[in-house]
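What you see is a predicted model; the values in this text were computed from it and never measured.
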Amino acid sequence: MRNPPDLRPDLAHAVIREEARPGQPKVGLVSLGCPKALVDSERILTRLRAEGYEISPDYAGADAVIVNTCGFLDSAKAESLEAIGEALQENGKVVVTGCLGAEPEFVTGAHPSVLAVTGPQAYEQVLDAVHSAAPPAPDPFVDLLPASGVRLTPRHYSYLKISEGCNHHCKFCIIPDLRGRLVSRPAHAVVREAERLVEAGVRELLVISQDTSAYGVDLRHATERGHRAHITDLARALGGLGAWVRLHYVYPYPHVRNLIPLMAEGLILPYLDIPFQHADPATLKRMARPAAAAKTLDEIAAWRRGCPDIALRSTFIVGYPGETEAEFQTLLDWLNEAQLDRVGCFQYENVKGAAANSLPGHLPEEVKQDRWERFMAKAQAISEAKLAAKVGTRQQVIVDSVDEDGAVCRTKADAPEIDGNLFIDTGFEALTSGDIVEVEVDEASEYDLWGRL
């Protein structure tokens with residue numbers, strides 16, 4: 001058994017056998033886009049493994065290749081088309097799924113030879129297409145499936161998707177068109193999945209959805225089998241399983257303040273990933289986002305009073321249509337006051353079907369680039385100062401990987417793939433992936449830390 005380190009079919013994280021049994025069909029996978037799409041990929045592969053398919057470590061050895069696409073931005077669409085083309089060139093039998101699959105004519109117009117095109121979460125259609133390309137040949141005595149299913153992340157952490165879709169109508173976004181309105185999973189089902197993951201060795205649960213704060217709204221926060229469908233109740237239940245629990249995509253609704261005591265108690269990680277997007281009221285209004293940036297600063301202050309160790313991360317859009325220099329300066333001033341711990345930034349770009357495309361005042365690319373650079377310089381300075389303040393402190397970290405040079409770890413303030421790392425380069429030899437240890441921080445850079453046991 002081996003666990004290669006990436007998401008390409010020749011570098012898949014999913015556990016694969018060194019040798020397939022005779023006659024066993026093999027499927028490759030390319031998974032693009034956000035963690036929510038990654039969970040879809042895991043569900044597809046779990047179903048295929050249960051039917052007797054093996055996961056191919058390369059294009060050439062696969063009887064078919066699934067490309068799970070992203071279709072949110074034009075740049076993401078281009079990347080998806082490139083991945084489809086590569087899979088066709090290297091293998092020839094390609095099934096396309098995911099968000100770009102919501103535009104089948106767009107896909108087949110560029111690649112008419114694909115076997116099938118399905119939209120996001122269309123698991124049955126994906127399986128039907130794979131069955132046609134490479135009929136299943138299950139052997140129930142050999143094809144054993146782990147209780148946690150097939151996962152494309154390292155063994156010690158896992159994404160836990162609690163809902164699909166979104167009820168917001170942000171003008172720059174087409175997610176509701178691609179994935180529909182909010183549909184929450186029953187809380188008892190989420191908790192049971194989390195229990196299975198922890199039983200299988202997962203040390204960190206990354207809770208994801210399109211709008212985590214709205215979890216359960218569509219279910220009217222009903223209680224079923226002893227579990228209420230509300231994010232506060234769900235977080236409390238997950239926090240009792242003994243693993244780190246990290247919340248992503250949390251809109252700053254008033255009830256988010258009820259999560260802060262759970263962080264202060266140590267039930268869930270003191271970490272909130274909140275998509276603020278901007279801070280200027282006029283820009284937020286054009287985005288069709290809540291325009292209460294000043295009130296948000298009050299909420300941030302209250303969160304920090306309730307849990308001083310809380311880490312806040314967010315993403316922003318600069319160069320949105322109509323954004324003036326004064327509006328951009330408001331964003332910089334807000335960021336300076338908010339002092340967020342982890343920050344990402346995107347330059348605005350049109351998305352086919354988004355209402356923002358028709359707004360007046362689209363900005364030149366050089367203006368967007370200049371504002372992105374100025375924003376990131378401000379964010380980097382904040383991050384550098386915050387991390388420098390951690391030198392000399394002791395931090396609990398989770399180990400992601402260990403090689404001959406050292407251990408790559410993350411603090412409670414760092415989510416995998418998107419935030420920083422803490423590196424241990426001495427005395428690390430006894431560490432293994434998934435260990436949770438305490439270190440003393442002795443060095444910091446703009447985004448990363450170094451420490452010793």
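For Arg220, the CZ atom is loosely surrounded, since the number of other residues' heavy atoms within 6.0 Å does not exceed 12. Within 6.0 Å of CH2 on Trp450 lie more than 12 heavy atoms contributed by other residues, nucleotides or ligands. Remark: Tyr447 OH is packed, more than 12 non-hydrogen atoms of other residues, nucleotides or ligands lying under 6.0 Å away. Taking a 6.0 Å sphere around CD of Gln396, one finds it holds more than 12 heavy atoms contributed by other residues, nucleotides or ligands. Enclosure of atom CD in Gln339 by more than 12 non-hydrogen atoms of other residues, nucleotides or ligands within 6.0 angstrom is indicated.
Tyr320 and Tyr348 have perpendicular rings, their planes meeting at more than 60° on a 0 to 90° scale where under 30° would count as parallel. The aromatic rings of Tyr271 and His248 sit perpendicular, their planes meeting at an angle over 60°, well past the 30° parallel limit.
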Q: Test side chain to side chain donor-acceptor pair (under 3.5 Å) on Glu349 and Ser75 and set out the steps.
A: CA-CA 9 Å; Glu349 63 178 89; Ser75 55; 3.3 Å; yes

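With Glu193 as the fixed residue, the side chain to side chain contact (heavy atoms under 4.5 Å, CB included) test singles out one of Leu197, Val190, Val191: Leu197.
Proximity of the aromatic rings of Tyr251 and His168 is defined here by a centroid distance below 6.0 angstrom, and this criterion is met. Separation of the Phe375 and Phe316 ring centroids falls under the 6.0 Å cut-off.
A cation-pi geometry, defined here as NZ or CZ lying under 6.0 Å from the six-membered ring centre and within 45° of its normal, holds between Arg410 and Tyr157.
Residues Ser184 and Asp218 approach most closely at OG-OD1, 2.6 Å, considering heavy atoms.
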